[in-house]
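In listed order, ligands and their atoms are each counted from 1.
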Amino acid sequence: MKIYDTLSKKKAELIPAQDKKIGIYLCGPTVYDYGHLGHGRSAVVFDLLRRYLMFRGYKVTFVCNWTDIDDKTIDRANKEGIPVDELATRFINIYKDDFKKLGILEPDFSPKPTEHMEEIVSFIQRLFDKEHAYTLDDGVYFDIASFKDYGRLSGQRLDDLKKGVRVEVSDKKKNPGDFALWKFEKPGEPSWPSPWGKGRPGWHIECSVMSSHFLGESFDIHCGGQDLIFPHHEDEIAQSQGAGYRFARYWMHNGFLNIDNEKMSKSLGNFFTLRKAFERFAPLAVRFFLLSAHYRAPLNFSADTLHQAEAALERYNDFIQRVQEVINSKKETNKKISTIKSRVEKARQQFTEGLDDDLNISRALAAISELVKDSNILLEKGELSREGAEEVMSFMQDVDTVLGVFTFEREMLSEDIERLIVERNQARAERDFSKADEIRDRLTNEGIILEDTKDGTRWKRV
Ligand SMILES: [Zn+2]
């Protein structure tokens, strides 16, 4: 499998450090507010990566953190007059609930910096020992000039950074790009002990510490949104490699989510929370929408684009339903089984080839659509046998272990039943009794009983 590695800036063959095992670290949200569609996108596309690697037979260890201590969690907790941990727990539960609805597999580990304070402090000590850290009156800082590779991931040059990119305000810093490893205690803020004074960690240090805690000092893939490349991931690399680790071997970043072609932001008032999206759209339709574009491309959200995704997903689910009806029917036909078997094989190969190419989802989805199109032709002609339907269904189930969007067990909708009843009555009027019987059998298989009365046909579920 090839993936685009942000660090080497090219598609690279994914070769895990340990055969058939892959460790992934994804930067999770800061838990001070409701999750928005951008958080959903990052969670969904890297869930796709994880599921696909599992599909390809890798044992994946997936770590995604919750940032529970930070300026934002502290500010909001203070505004609400509650402890920071209470606020964080509330939003972690909301995120968990939203992510579950989006069909995201739970990470193997979901660490929080407040549970790794001693390790964070000893990590900073290591940076002092290697002369990368220095103390000012408001905290401990990382000296980016002491790390020769600073800027490699994001393409920022140290000289440019010296010209005053506003990263964190402190006049006394050696370089404007120097970032806080530890912030000294301020009134009304939670704090932890350290050799340099009571305080709390800067944002970046937690990911360096917790990724190596769970995945080792050199692990396979570090993921996150594009907006985290600089400074967050650049700073993680400086800290980890500064401390003497190799750190992540590959870096993957997902593209932005735009709303009506504008970057989503709170200030533009187009900040779309997952909760709001779920009020209007089924969560699995939102998932399908979020993964239907290539993960590195920008994705434009509008009511239209989501409706299109919803309709496309509905067509797949209808197809699955029809294939299921053929499987449920006792009727054996042996037509076209070799044709359908080779079509399924081809689709399987195209699906894998697509995702092997840096998760090319369009190619993977095209493989499915083409199979659906071909199978529909057979279905229309009544030429899809039970055996053929089983082949198709097993493909749909396999690809759904990766996509996680389809609905396999669905009660037939009332409008579908009524449509079939009209078709059956028409067939009877035309004295096509075998077709009429076929429709009745199809409904019976779905647990629908028909009753012909003088006022028309009634139906009920058994
Ligand atoms: Zn991070």
Legend entry - Contact check: Cys27 to the Zn ion (ligand 1), N/O/S below 2.8 Å: yes
Legend entry - Whether His233 has an N, O or S atom under 2.8 Å from the Zn ion (ligand 1): no
Inset, instruction - Please determine if Lys20 forms a cation-pi arrangement with Tyr58, meaning its NZ or CZ atom is less than 6.0 Å from the six-membered ring centre and no more than 45° off the ring axis. - result: yes
Inset, instruction - Report yes or no: is the cationic atom of Lys174 (NZ for Lys, CZ for Arg) under 6.0 Å from the centre of the six-membered ring of Tyr134, at an angle within 45° of the ring normal? - result: yes
Legend entry - Test of ring centre spacing under 6.0 Å for Phe142 and His204: no
Legend entry - Separation of Arg76 CZ from Arg90 CZ (nearest 0.5 Å): 6.0 Å
Legend entry - OE2 (Glu236) - the Zn ion (ligand 1) - SG (Cys207) angle, nearest 10°: 100°
